[in-house]
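Report on the structure given below.
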Amino acid sequence: MDPERQREIARKGGASVPSEKRSFSQDRSLAAQAGRKGGEASHGSRNKTDSDAPPKG
């Protein structure tokens, strides 16, 4: 795809929904909850205790 066409499409990213109708702009606690959930999903293996980890060596 032509890079300029790709940028044009990307610029339209969130323009279809007015900011006042975006759920995170209305409810900050919802945004915080989603952030925590994402962090747990992406870093979940880092939160295991040593007894949960496979043996080293």
Side-chain angles (χ1 to χ4, degrees):
M1 179 181 292
D2 176 40
E4 182 55 37
R5 175 73 175 136
Q6 190 172 0
R7 281 191 289 275
E8 179 184 335
I9 292 169
R11 278 193 291 268
K12 296 178 181 180
S16 63
V17 179
S19 62
E20 63 272 2
K21 293 198 177 197
R22 295 180 189 160
S23 59
F24 289 164
S25 68
Q26 295 294 311
D27 188 352
R28 293 183 67 80
S29 65
L30 182 62
Q33 182 181 7
R36 280 192 297 277
K37 185 176 180 182
E40 289 171 2
S42 64
H43 301 302
S45 63
R46 293 183 189 176
N47 294 334
K48 289 184 179 180
T49 63
D50 286 339
S51 62
D52 293 336
K56 295 179 182 178

Glu8: which residues meet the side chain to side chain donor-acceptor pair (under 3.5 Å) condition with it, sequence neighbours left out? Arg5
With sequence neighbours excluded, tell me which residues meet salt bridge (charged side-chain N to carboxylate O under 4.0 Å, His left out) with Arg36. none
With sequence neighbours excluded, what pairs up with Glu4 under the side-chain contact (heavy atoms from CB on, under 4.5 Å) test? Asp2, Arg7, Arg11
